[in-house]
Enquirer: 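First, the structure itself, so that you have it in front of you.
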2 protein chains.
Amino acid sequence: MSTKLKDIAQKTGFSLSTVSRVLHKGSQKVSISAETTRIIKKTAEDLGYRPNIIARSLRTEQTHEIGILVPDISNPFFSTIVKNLASELRKFGYGTVVYDTDENTSLEEESLRQLLDKRVDGLIIAAVGQEAKHFKEIVKRGIPLVTLDRCFNDFDVDAVSVDNVYGAMIAVQYLLNEGHQRVAFIQGLPGTYASDERKKGYCKVLDIAGIPIDPTIIVGSDFRAFNGYIETKHLLSMKNPPTAIFSASDLITLGVLEALREEKKIIPQEISLVTFDDPYFTKYLSPAITAVAQPIERMVEIAVNLLFRRMKNPKEQSRRVLLEPSLIIRNSVLRVSKLSAIININNTNS
Amino acid sequence: MSTKLKDIAQKTGFSLSTVSRVLHKGSQKVSISAETTRIIKKTAEDLGYRPNIIARSLRTEQTHEIGILVPDISNPFFSTIVKNLASELRKFGYGTVVYDTDENTSLEEESLRQLLDKRVDGLIIAAVGQEAKHFKEIVKRGIPLVTLDRCFNDFDVDAVSVDNVYGAMIAVQYLLNEGHQRVAFIQGLPGTYASDERKKGYCKVLDIAGIPIDPTIIVGSDFRAFNGYIETKHLLSMKNPPTAIFSASDLITLGVLEALREEKKIIPQEISLVTFDDPYFTKYLSPAITAVAQPIERMVEIAVNLLFRRMKNPKEQSRRVLLEPSLIIRNSVLRVSKLSAIININNTNS
DNA sequence: ACTTTTTGTGCAATCGTTTGCATAATATGT
DNA sequence: ACATATTATGCAAACGATTGCACAAAAAGT
């Protein structure tokens, strides 16, 4: 087996405690002679000592692991988040344990239980829905938790997300200003924070512009590509089809693209498109798609920050950080009339 | 704190050992009365007992965790693999610890060390390059290891991968049969198994077809999108540009698409394109891209199988499984002349 | 009725660390 | 020169589980 403290103790003649104290920087309360330190460190090096973190965790009741819960790791938006989280947390000496909840609340509960069984020191989660009772339980138990991207309305917890209402507003505003009057919205899973907020933004702008909201062109039921596909097919088949589509997420947009290709509709000549999320592939498409970009690196950085703050100071008032998304204008929107009534919105969202 | 065995022992009056034996199905060598079992199970339930897996791991020297190493989790090919691995391993009661090596050998070594520190029970890896000495070390130490996707030439270890040579061959064969004479190859990181094998296949078909290999149109230096972008720009600027591009991976292809869009080249009218890998977005593009698809689910299944077999039987002869990829023909290739010399290849790769 | 086997339970060691407390040796202050 | 402070080290008890061994009681075999 691998070397342990005992081996080093035996070889050097020092006690287990002394060896432990030398090799474990933490406990500086006690002093150790320079010579002893040297000898022990050298011996440890020679023997290729690596601490048994399992034993350490058992004793210290800390794992230095952060649990991460995402709805779908194969979605590039989340895999990018996971990648960034891992590298950010690594800087602070923390590892990550990632679970994919498959946009499924019961799998989410199950995964959460597993993470707790693993005794993670904290959690960063992008929740499936608005069902928060299992998470509230966690927080009550004093386990640091930060929500990322997906927020809870009725749960006061550290959170970071993009301002989804505002993001939807700038997208729809842009479409209207280019002269579109009939803009469809393909939403994600109703009940999820991201989807509902985006819908709010969509409605708000139509309202400001004085365009009546037509519920028949607010469609969609989840965040996957197939949803985008099926709803686009449906929208195109209407007697009075929309001239533009605003899509609630990157995957949905993929489905939209597939349907448009099948139906031989040319973007933007025959239909315009704006999407929420700016996955890496949007800029490679022809035409490139106009998109609402989320500052992922910044979100991740803030999430980690909030988490560590919480870990240091468990009693502190919780904070909710909303970041401003930006509209990246590419070539997927047709200007259908000369500018008439330019509408203007301000980001007055809390 | 959470309930532990001791609490249950105290509450029921039985000893720690008895409680442990009831709650831990494993040790069936000893029998326990049905009544006792009932009482203890009920009490455990009531108290919401959850075993401390850290303590358990310390004692049993098993973590029930499998370490996974991938070069880039934000690449959809690998994030799909990770997702599938996690769900497949979960079926067997194993968790996963995922590390992203960022296509970087020294980060790979570092990650490997971390995984060992975590005492994972086995490893499934997609290695960065052909540098295998750190992995050989692992195998010598008796830790079960399976390589996935990326194989080592000079390292006899359980491995599963697609037949990359064959995959490249069917792709290039198809291009030639559609009448292309000048086919460029944009490779990935030279020295990696995947890239080198695909290049072999490319060369082999040209050889069979009697077309001399032009080293100036074998380009590229890594698996990322920017590589595809820059090399496509370069290929298009040649005095004698290729009529078709065969791209070694999905991300490279994204870069190719970006460059083609910038240069206003229409696919397939002005340039044809076939890509290795069949990431989920290929079918959403217009035109849809012809691609060499890898049977990811099958690869994952086999990798997990090999791993468990190895864990059961450490001495067994190692196996290497090569799966057959398939060409998914879509609309990114132009037929440039009527069929003349149809070439035929057989999958005679070992 | 007396061995032998089976069944049910408990004792105590162990896994590899960390850390509060005790203590010996040395240094410092007066 | 003596009291006190500081420095350097070791002892032993945790952390929460698993498991070989011992042993009593009950069942089975003769």
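Residue numbering restarts at 1 for every chain, and letters A, B, ... go by the order of the sequence lines. Atoms considered below: every heavy atom in the structure, side chains included; atoms not considered: hydrogens, waters and symmetry mates.
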Enquirer: Output the rounded distance in Å from NZ (Lys6(B)) to P (dG10(C)).
Expert: 16 Å
Enquirer: Whether the side chain of Arg59(B) and the base of dT14(C) hold a donor-acceptor pair under 3.5 Å is what I'd like checked.
Expert: yes
Enquirer: Select one nucleotide: of dG10(D), dG16(D), dT18(D), the one nearest the side-chain heavy atoms of Ser20(B).
Expert: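 Among dG10(D), dG16(D), dT18(D), the one nearest the side chain of Ser20(B) is dT18(D).
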Enquirer: With respect to the phosphate group of dG10(D), does any side-chain polar atom (N or O) of Ser15(A) fall under 4.0 Å of OP1 or OP2?
Expert: yes
Enquirer: Which nucleotide, dG16(C), dG10(D), dT9(C), lies nearest any side-chain atom of Leu58(B)?
Expert: dG16(C)
Enquirer: Is the shortest side-chain N/O distance from Thr36(A) to OP1 or OP2 of dA8(D) below 4.0 Å?
Expert: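 The answer is no; no side-chain N or O of Thr36(A) sits under 4.0 Å from OP1 or OP2.
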Enquirer: Taking only the side-chain heavy atoms of Leu5(A) (C-beta and beyond), determine which of dT9(D), dT17(C), dT19(C) contains the nearest atom.
Expert: dT17(C)
Enquirer: Whole Å only: how far is the CZ atom of Arg119(B) from the P atom of dA17(D)?
Expert: 21 Å
Enquirer: Nearest whole angstrom, please: distance from the P of dG16(C) to the CD of Gln10(A).
Expert: 12 Å
Enquirer: Could you please spell out the steps behind the ring-ring contact (aromatic ring centres under 6.0 Å, His included) verdict for Tyr193(A) and Phe152(A)?
Expert: CA-CA 7 Å; Tyr193(A) 177 80; Phe152(A) 292 107; 8.8 Å; no
Enquirer: For dG16(D), does either OP1 or OP2 sit under 4.0 Å from a side-chain N or O belonging to Tyr49(B)?
Expert: no
Enquirer: With heavy-atom distances below 4.5 Å as the criterion, would you say the side chains of Arg320(A) and Cys151(A) are in contact?
Expert: yes
Enquirer: Round to a whole Å and report the spacing from CG of Asn52(B) to C1' of dA17(D).
Expert: 7 Å
Enquirer: According to the interplanar angle, ranging from 0 to 90°, do the rings of Tyr94(B) and His64(B) count as parallel (below 30°), tilted (30 to 60°) or perpendicular (above 60°)?
Expert: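 Ring orientation of Tyr94(B) relative to His64(B): parallel.
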Enquirer: Run the salt-bridge test on Asp72(A) and Lys83(B) with the 4.0 Å N-O cut-off and return the result as yes or no.
Expert: yes
Enquirer: Would you mind reading off the distance between Ile32(A) atom CD1 and dT7(D) atom C1', rounded to a whole angstrom?
Expert: 10 Å
Enquirer: Would you tabulate the nitrogen or oxygen pairs shorter than 3.5 Å linking the protein to nucleotides 25-29 of chain C?
Expert:
none

Enquirer: Output the single nucleotide from dG16(C), dT9(C), dT19(D) whose closest atom is nearest the side chain of Ser17(B).
Expert: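 So the side chain of Ser17(B) is nearest to dT19(D).
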Enquirer: Taking the minimum atom-to-atom distance to the side chain of Ala55(A), which one of dG20(C), dG8(C), dT17(C) wins?
Expert: dT17(C)
Enquirer: Do the non-hydrogen side-chain atoms of Val98(B) and Val98(A) ever get within less than 4.5 Å of each other?
Expert: no
Enquirer: Looking at dG10(D), dG16(D), dG10(C), which one has an atom nearest to any side-chain atom of Thr18(A)?
Expert: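 Nucleotide nearest to Thr18(A)'s side chain: dG10(D).
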Enquirer: Which of the following nucleotides, dT9(C), dC15(C), dA12(C), is nearest to the side chain of Glu61(B)?
Expert: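 The answer is dC15(C).
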Enquirer: Quickly work out the Leu16(A) CG to dC21(C) P distance and round it to whole Å.
Expert: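 Leu16(A) atom CG is separated from dC21(C) atom P by 20 Å.
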Enquirer: Please state how far atom CG in Leu23(B) lies from atom C1' in dT18(D), giving the value in whole angstrom units.
Expert: 13 Å
Enquirer: How many angstroms lie between atom NZ of Lys41(B) and atom OH of Tyr49(B), to the nearest 0.5 angstrom?
Expert: 13.5 Å
Enquirer: Of the nucleotides dT7(D), dG8(C), dA17(D), which has the atom closest to the Ser33(B) side chain?
Expert: dG8(C)
Enquirer: Base, sugar-phosphate alone, or nothing: which one does Ser57(B) contact when heavy atoms must sit under 4.0 Å apart?
Expert: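 The answer is nothing, as Ser57(B) stays clear of every strand by at least 4.0 Å.
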Enquirer: Do the side chains of Asp158(B) and Arg319(B) get close enough for a salt bridge, i.e. N-O under 4.0 angstrom?
Expert: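 Between Arg319(B) and Asp158(B) there is no salt bridge, as every charged N stays at least 4.0 Å from the carboxylate O atoms.
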Enquirer: Round to the nearest Å and state the distance from Ile54(B) atom CD1 to dT17(C) atom C1'.
Expert: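 That distance rounds to 13 Å.
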Enquirer: Are Thr101(B) and Val70(B) side-chain neighbours, meaning at least one heavy-atom pair lies under 4.5 Å?
Expert: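 They are not in contact (no side-chain heavy atoms under 4.5 Å apart), so the answer is no.
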Enquirer: Using a cut-off of 4.0 Å on non-hydrogen atoms, how would the nucleic acid contact of Ile53(A) be classed: base, sugar-phosphate, or nothing?
Expert: nothing
Enquirer: Does any donor-acceptor pair link the side chain of Arg21(B) with the base of dG10(C) at a separation under 3.5 Å?
Expert: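 In this structure, the two groups form a donor-acceptor pair.
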